[in-house]
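Sharing a structure here in structure tokens format.
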Amino acid sequence: MSLPGSVEIARAAELADTPYLTDLHHSMDRWFSEVARVLPWRAPDCSPWGILVSEVMLQQTPVARVLPVWAEWMERWPEPADLAREPAGESVRHWGRLGYPRRALRLHAAAVAIVEQHGGRVPDTHASLLTLPGVGDYTAAAVAAFAFGRRETVVDTNIRRVHARLVSGLALPAPSLSASEMRLAQSLMPDDAGLSVRWNASVMELGAIVCTARSPKCTDCPVSDSCAWLAAGEPPPTYTPKGQAWHGTDRQLRGAVMAVLRAADSPVATELFERPAADLGFDADGIAVPLAALHRLNSAPEQLERALEGLLSDGLAEMHDGGLRLPA
DNA sequence: AACGCGTGGAT
DNA sequence: TATCCAAGCGT
């Protein structure tokens, strides 16, 4: 019987005994200085709030799409209190098309909690950050590290992939994060807090722009000489990740409904979701396009009802004056 | 612990 | 065109 992760831990321990780990840190640090992307939430004067907002927006959403929305948010709501005094629906509306709009709802709730429980300042420890809505283990660690300079075990999908290849010799990390992966990540971190922040940022960056999921750019990798996966001859993944269905799903329909609600400035009569406005003699000005897109999905009435029910129970929508709207 | 949750660019 | 996948979270 073999303990999961025992090989990796053994290798990490072996590396720690040599100058190798220090060399690795230096190689990554140098590389990061040279090629790291310039991102606004990495600016030295970016507030903890700005970093928190960026981390939540970046949950499952690519950097390129986050950039303009983050900038708009920072201008509109420069501090947690600015967002907290808005209706939650405004948070969802200005989330735009980043996807997973409940993140916007939770970020609003987090802003309220920051105001009510932390004097309007983003809390600075992993444990207190973890109590905020929408903040899980990764985001709490990332904010504690990148906003407050703490030595945190930051493990996101990029870092997992780099560790899988560099240390474990695997093409891809396991489907779900394990305790042994967290131990491995800890064992690789520099002891010094400041260096650990750089390390975490650089490993994440490597995963994002070089050690990518598909067709990694190993010729650009600063640590390819140490890569267990390359040394093993680039073995293929041992499993095939199962893709998420989209066409015809409730999610697709929910997305179409949310697009209508974001575009609407007053409650939308539920009949409008069921059939074309022209048939009903409604004025659908302003929401005609997203409404047409919704109708084009041509869903079963039962599915539409399920989607609306889901949005209501998630708090992403509410009934008002016989219509549906973003939460007030 | 597996599942549901949006969106759009890249391949 | 279809599939992959992007700084996860909550249940």
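Sequence lines set the chain letters: A, B, ... in the order given, protein chains first and strands last, and positions in each chain run from 1.
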Expressed as a whole number of angstroms, how long is the span from Q244(A):CD to dC5(B):C1'?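 After rounding, the gap between these two atoms is 8 Å.
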
Under 4.0 angstrom, heavy atoms only, what part of the nucleic acid is R102(A) near: base, sugar-phosphate, or nothing?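 If one applies the 4.0 Å heavy-atom cut-off, R102(A) turns out to touch a base.
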
Checking E152(A) against N200(A): is there a side-chain donor and acceptor pair closer than 3.5 Å?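 Distance-only check fails for N200(A) and E152(A).
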
Among side-chain atoms of E86(A) and S91(A), is any donor-acceptor pair under 3.5 angstrom?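 Checked: E86(A)/S91(A) side chains show no N/O donor-acceptor pair below 3.5 Å.
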
Looking at W77(A), Y100(A), W73(A), which hits ring-ring contact (aromatic ring centres under 6.0 Å, His included) with W95(A)?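 Considering W77(A), Y100(A), W73(A), a ring-ring contact (aromatic ring centres under 6.0 Å, His included) with W95(A) is found only for W73(A).
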
So I51(A), base contact, sugar-phosphate only, or nothing? Heavy-atom distance under 4.0 Å.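 The residue I51(A) makes no contact with any strand.
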
Give me the distance, rounded to whole Å, that separates dA2(B) from dA7(C) when you measure between the P atoms they each carry.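 Each nucleotide's P atom is 22 Å from the other's.
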
Counting only non-hydrogen atoms, which of residues 57-73 of chain A are less than 4.0 Å from DNA chain C?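 Within residues 57-73 of chain A, the residues near DNA chain C are L58(A), Q59(A), Q60(A), P62(A), V63(A).
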
Distance alone, cut at 3.5 Å: any donor-acceptor contact between the side chains of T61(A) and R103(A)?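 Yes, R103(A) and T61(A) have a side-chain donor paired with an acceptor closer than 3.5 Å.
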
Regarding S33(A) and R198(A), is there a side-chain donor-to-acceptor distance under 3.5 Å anywhere?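 Their side chains do contain a donor-acceptor pair, which is all the 3.5 Å distance test asks for.
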
Under 3.5 Å, is there a donor on one side chain and an acceptor on the other for Q59(A) and Y138(A)?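 Result is no, nothing qualifies.
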
Flag the pair E34(A) and R30(A) as a salt bridge only when some basic side-chain nitrogen lies within less than 4.0 angstrom of an acidic carboxylate oxygen.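 Result for this pair is no, no salt bridge flagged.
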
Go through the side-chain N and O atoms of S128(A) and T125(A) and say whether any donor and acceptor fall under 3.5 Å apart.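 Yes - a donor-acceptor pair under 3.5 Å links their side chains.
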
Using a 3.5 Å cut-off and no angle test, enumerate the donor-acceptor pairs between side-chain atoms of residues 228-237 of chain A and protein atoms at least two apart in sequence or in another chain.
from	atom 1	to	atom 2	distance (Å)
W229(A)	NE1	P235(A)	O	2.8

Take the protein atom CG of D314(A) and the nucleotide atom P of dC3(B), then report the distance between them rounded to whole Å.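 It is 19 Å, rounded to the nearest whole Å.
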
Could you tell me if the side chain of D124(A) sits less than 4.5 Å from the side chain of P48(A), heavy atoms only?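 Answer no - side chains too far apart.
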
Covered region of DNA chain C, 5' end to 3' end, by chain A [heavy atoms, under 4.0 Å]: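 The contact span of chain A on DNA chain C goes from dC4(C) to dG10(C).
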
Of R106(A) and S215(A), whose nearest nucleotide on DNA chain B comes first from the 5' end?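 Closer to the 5' end of DNA chain B: R106(A).
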
Just call it for T157(A): base, sugar-phosphate, or nothing, with non-hydrogen atoms closer than 4.0 Å on any strand.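 Sugar-phosphate: the residue T157(A), judged by heavy atoms under 4.0 Å, touches backbone atoms but no base.
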
Using a heavy-atom distance cut-off of less than 4.0 Å, which residues of residues 134-142 of chain A contact DNA chain C?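 Those residues whose heavy atoms fall under 4.0 Å from DNA chain C, taken from residues 134-142 of chain A in numerical order, are G134(A), V135(A), G136(A), D137(A), Y138(A), T139(A).
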
At 4.0 Å (heavy atoms only), tell me whether R160(A) reaches a base, stays on the sugar-phosphate, or touches nothing.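 Nothing, no nucleic acid heavy atom in range.
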
Where L24(A) and S226(A) come nearest, the two heavy atoms and their spacing: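 In this case the closest contact between L24(A) and S226(A) is CD1-OG, 4.1 Å.
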
Taking only Lys NZ, Arg NE, NH1 and NH2, and the carboxylate oxygens of Asp or Glu, determine whether E302(A) and R306(A) approach each other closer than 4.0 Å.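 Judged by the 4.0 Å cut-off on N to carboxylate O distance, E302(A) and R306(A) do form a salt bridge.
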
I need the L311(A) CG to L253(A) CG distance, nearest 0.5 Å.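 Here the interatomic distance stands at 8.5 Å.
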
Categorize L98(A) for me: base, sugar-phosphate, or nothing, with a 4.0 angstrom heavy-atom threshold over every strand shown.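 Result for L98(A) = base.
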
Could you check whether any side-chain N or O of R106(A) sits under 3.5 Å from a backbone N or O of P101(A), counting only pairs where one atom can act as donor and the other as acceptor?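 Pair absent, no side-chain N/O of R106(A) close to backbone of P101(A).
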
Using the P atom as the reference point in each nucleotide, state the distance between dG6(B) and dT11(C) in Å, no decimals.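 Per the computed distance, 15 Å lies between those P atoms.
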
Of residues 250-264 of chain A, the positions that come close to DNA chain B - non-hydrogen atoms, cut-off under 4.0 Å: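 Close to the strand are R251(A), R254(A), G255(A), R262(A).
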
If I take atom CD in residue E309(A) and atom P in nucleotide dG4(B), what distance separates them, rounded to the nearest angstrom?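 Those two atoms, CD and P, are 18 Å apart.
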
Which heavy-atom pair separates W49(A) from P78(A) by the least distance, and what is that distance?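 It is CD1-O, 3.2 Å.
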
Taking only Lys NZ, Arg NE, NH1 and NH2, and the carboxylate oxygens of Asp or Glu, determine whether D192(A) and R151(A) approach each other closer than 4.0 Å.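 No, no charged N to carboxylate O under 4.0 Å.
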
Within this structure, what is the CH2-to-P distance between W246(A) and dG4(B), rounded to whole angstrom?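 The distance from CH2 of W246(A) to P of dG4(B) comes to 14 Å, rounded to the nearest Å.
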
A141(A) versus H126(A), closest heavy-atom pair with distance: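 Result for this residue pair: N-CD2, 3.5 Å.
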
Looking at every strand, decide which applies to P133(A) at a 4.0 Å heavy-atom threshold: base, sugar-phosphate, or nothing.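 The answer is sugar-phosphate, as P133(A) gets under 4.0 Å only of primed atoms, P, OP1 or OP2.
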
Going by number, which of residues 40-49 of chain A have a non-hydrogen atom under 4.0 Å from DNA chain B?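 Going residue by residue through residues 40-49 of chain A, none turns out to have a heavy atom under 4.0 Å of DNA chain B.
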
